[in-house]
Amino acid sequence: MDTTDKPVVKPVDFIRQIIAEDLKSGKHRTTITRFPPEPNGFLHIGHAKSICLNFGIALENGGVCHMRFDDTNPSKEEVAYVESIIRDVRWLGFDWGDKLFYASDYFPALYDYAVELIKLGKAYVCQLSTEEIRQYRGTLTEPGKESPYRNRSVEENLDLFARMRNGEFDEGSHVLRAKIDMASPNLNMRDPVIFRILKVPHHRTGDTWCIYPMYDYTHCLSDAIEGITHSLCTLEFEDHRPLYDWVLDTLRTPCHPQQIEFARLNLTFTVMSKRKLLQLVKEGYVDGWDDPRMLTISGLRRRGYTPASIRSFCDVIGLGKKESWIDMTVLENAVRDDLNVNAPRAMCVLDPVKVIIDNYPEGQVEEMEAMNHPQNPEMGSRMLPFSRELFIERSDFMENPPSKFHRLGPGREVRLRYGYLVTCTSFVKDEDGIIQEIHCTYDPASRGGSAPDGRKVKGTIHWVSATHALPCRVRLYDRLFLVENPEADRETSFKQHLNPHSRVVIEGAMAEPALVGIAPGAQVQFERQGFFCADSVDSRPGQPVFNRIVTLRDTWAKEQQKDT
RNA sequence: UGGGGGAUGGUCUAAUGGUAAGGCGGCGGACUCUGACUCCGCUUAUCGGGGUUCGAAUCCCUGUCCCCCAGCCA
């Protein structure tokens, strides 16, 4: 590249600007962020945005990003989710060293802080029922009213809170509330519950506790305990920031991290909420959290997406505070860009039709050399067996082709990639009008694919030798939903918009024989088709199963659509 | 109708009082042993109305529209 080119200045998002200023002003000497998932589901592409942000910023500033499980609600959380989250973040390429934490590690500290709050006269045990608390909270436009238990003595609160912790009360009968302001226009400040009784064993602390702290109370203190400098979260927590700050201002904590909110990721043609993804899994619309159609990290991994492509996607979508919709094509382009450079090429016929080269000697087999990557000779080459009977793509032949069709048709010449130039002489149809075989002649002087007389052949198609081909199963994946925003209409379920053809399974695809040894999980480009990967679960030695990651851009298909 | 946020081409992001820029998409073309890749060109934007200023996407006033909040979820 010409070094006189203008340098490309990558825009810096508003969060990085704030952090840069904090470093410059001396407010902080380092940057410590955290990624705080609740282990109640699998991570999805939306989380990837947050992961890349938090880990990315730490990396850029020579700081660290803590991995912290926000596990304060044992009724929804499981170790299986913890494990999947750890696997997914590692796979994305991030490392937290020894900074692996759990909010549940802080239960004792959180309890002590609560006692402190009570002593400060800033928290009280409330015996209102769930329903009563709701009623006392008021509405968006009307202030709430104070709980009759609000002005208990410190001693009584201390005693009651200790007894809550000791299991003397039933679930729902008592809660600990922060004493703030029942008339606050911010509902989060109307004496929020900070501890509730949950007689549920916790996946890490077992039955040590029967009271569990709430998110708002836990998160800020966990951040402070860990010395987080910047606590990045999504927009819906903006209203919670006053409470975050209240807790840290009221208590004596090691530090007071700054919460900054950004807009969550929305992607067209998918749903992003954990609840809806769970629903798809539980109701069997997909095969599991790692179904290749799912936009979970595990689903994307199984589909064949690379960590680098997801990182570059997160890089390119930007960061802001306005609700935005990223087009699915941006994600698809991210893998295409990565795989175009890094995936070796191969040939595979998805919908085979037989071609017989009448003037090719019966029984003869030639080895044709094929580049593994036309733009990168360093990736080497492989040999393709060529013989009298081949398979080509059914869609590469037309009985009455229009002039713009650069493929096979009666009397037309086409190049078999890395093979020979062949001309169609005739074809055979069955009684239903389905093409059974196509007869061609080949030009023996065109070995390798180029004519010695320099004649131009516009079309090049892929092929495999019929007797050498590896029959295999290929799954053609497409978008899970048919509409840009499946959640747009509150009246209709998002499930109404599921794409019935999001997975088309082909049993009789014919791959070039070299593919027999492909490693499970490895990506490859099937030339002229798309990028595929050998499925890491269903492939067997010598019997790969392929997932289509994404098609190649297809301007011919686009052209055809315009005609219809 | 309380509070908190947000409005820049179709879409996402930049410009931080000084020529409204880039990506994706779309359209057109070049190249090509992948109708891929690559390359070139084009298209379209500051939510409305006032004001301050030599100069406003940016500052002020005002209006409109959109999102979030009434879990003992996170």
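Chain naming here is simple, since letters A, B, ... match the order of the sequence lines and numbering starts at 1 in each.
- If you check every strand for non-hydrogen atoms under 4.0 Å, A/Phe405 touches a base.
- Contact annotation: A/Ser324 side-chain N/O to B/rU11 OP1/OP2 distance is not under 4.0 Å.
- The P atoms of B/rG22 and B/rC54 are separated by 31 Å, rounded to the nearest whole Å.
- Rounded to whole Å, the separation between the C1' atoms of B/rU38 and B/rU46 comes to 34 Å.
- Centroid-to-centroid, the aromatic rings of A/Phe386 and A/Tyr420 come within less than 6.0 Å.
- Using atom C1' as the reference point in both B/rA14 and B/rG50, the two lie 28 Å apart (nearest Å).
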Salt bridge (Lys or Arg N to Asp or Glu O under 4.0 Å) assessment of A/Arg382 paired with A/Glu369: CA-CA 6 Å; A/Arg382 66 203 187 277; A/Glu369 186 178 18; over 6 Å; no
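- Distances shorter than 4.0 Å separate none of the side-chain N or O atoms of A/Lys458 from OP1 or OP2 on B/rU32.
- Taken from CG in A/Asp88 to OH in A/Tyr81, the straight-line distance is 12.5 Å, to the nearest 0.5 Å.
- In textbook terms, a nucleotide whose glycosidic angle is within 90° of 0 is syn, while B/rG63, being further out, is anti.
- Between B/rG26 and B/rC12, the distance separating the two C1' atoms is 15 Å to the nearest Å.
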Go ahead and write out RNA chain B as dot-bracket, 5' to 3': ( ) for pairs within the strand, [ ] for ones crossing earlier pairs, | when the partner sits on another strand, dots for unpaired; Watson-Crick or G-U wobble, both distances under 3.5 Å. .((((((..((((....[..)))).(((((.......)))))....(((((..]....))))))))))).....
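- Regarding A/Asp315, its CG atom lies at a distance of 12 Å from the C1' atom of B/rG23, rounded to whole Å.
- Around NZ of A/Lys145, the count of heavy atoms belonging to other residues, nucleotides or ligands within 6.0 Å does not exceed 12.
- The aromatic rings of A/Trp209 and A/Phe107 stand perpendicular to each other, their planes meeting at an angle above 60°, with 30° marking the opposite boundary.
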Base, backbone or nothing for each nucleotide of nucleotides 64-74 of chain B, written B, S, -, heavy atoms under 4.0 angstrom, 5' to 3'? ---SBBBSBSB
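- Across the protein-nucleic acid pair, A/Phe313 atom CZ and B/rG25 atom P stand 13 Å apart, rounded to whole Å.
- For B/rA15, the OP1/OP2 oxygens have a side-chain nitrogen or oxygen of A/Gln17 closer than 4.0 Å.
- Using atom C1' as the reference point in both B/rU43 and B/rC27, the two lie 7 Å apart (nearest Å).
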The test is ring pair (Phe, Tyr, Trp, His ring centres under 6.0 Å); show your working for A/Phe526 and A/Phe546 and say whether it passes. CA-CA 10 Å; A/Phe526 290 166; A/Phe546 291 99; 5.1 Å; yes
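- Taking the six-membered ring where tryptophan is involved, the planes of A/Phe195 and A/Tyr111 are perpendicular, since the angle between them exceeds 60° and thus also 30°.
- Between B/rA56 and B/rC61, the two C1' atoms lie 15 Å apart (nearest whole Å).
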Audit row: A/Phe161, A/Tyr124, ring pair (Phe, Tyr, Trp, His ring centres under 6.0 Å) steps and yes/no: CA-CA 8 Å; A/Phe161 187 48; A/Tyr124 63 97; over 10 Å; no
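- For B/rG35, one of the phosphate oxygens OP1 or OP2 lies less than 4.0 angstrom from a side-chain nitrogen or oxygen of A/Arg528.
- No more than 12 heavy atoms of other residues, nucleotides or ligands shown are found within 6.0 angstrom of CZ on A/Arg264.
- Distances from the side chain of A/Lys322 to the nucleotides B/rU13, B/rA36, B/rG25 place B/rU13 closest.
- Residue A/Trp325 contributes atom CH2, which lies 17 Å from atom C1' of B/rG25 at whole-angstrom precision.
- Residue contacts for A/Ser450: at a heavy-atom cut-off of 4.0 Å it reaches a base atom on one of the strands shown.
- Spacing of P atoms, B/rG55 relative to B/rC69, comes out at 44 Å, to the nearest Å.
- One can place CZ of A/Arg264 at 17 Å from P of B/rG6, the figure rounded to the nearest angstrom.
- On the C1' atoms, B/rU16 is 7 Å away from B/rU58, given to the nearest whole Å.
- Between A/Glu393 atom CD and B/rU34 atom C1' the separation is 13 Å, expressed in whole Å.
- Residue A/Pro242 is classed as having no contact, given no heavy-atom separation below 4.0 Å to the nucleic acid.
- One atom, CE of A/Met371, and another, P of B/rA36, lie 19 Å apart when rounded to the nearest Å.
- The CD1-P distance, from A/Ile317 to B/rU13, rounds to 9 Å in whole Å.
- Using a 4.0 Å heavy-atom cutoff across all strands shown, A/Arg345 reaches at least one base atom of the nucleic acid.
- Both tests pass for A/Lys276 against the ring of A/Phe494: distance under 6.0 Å to the centre and angle within 45° of the axis.
- Between A/Tyr215 and A/Phe237, the ring centre distance stays below 6.0 Å.
- Two residues, A/Glu142 and A/Trp556, neighbour RNA chain B, and the one matched to the more 5' nucleotide by heavy-atom proximity is A/Glu142.
- Comparing A/His373 and A/Val330, the nucleotide of RNA chain B nearest to each residue sits closer to the 5' end for A/Val330.
- To the nearest angstrom, P of B/rA36 lies 20 Å from CG of A/Asn342.
- For A/Tyr217 and A/Tyr113, the ring centers are positioned 6.0 Å apart or more.
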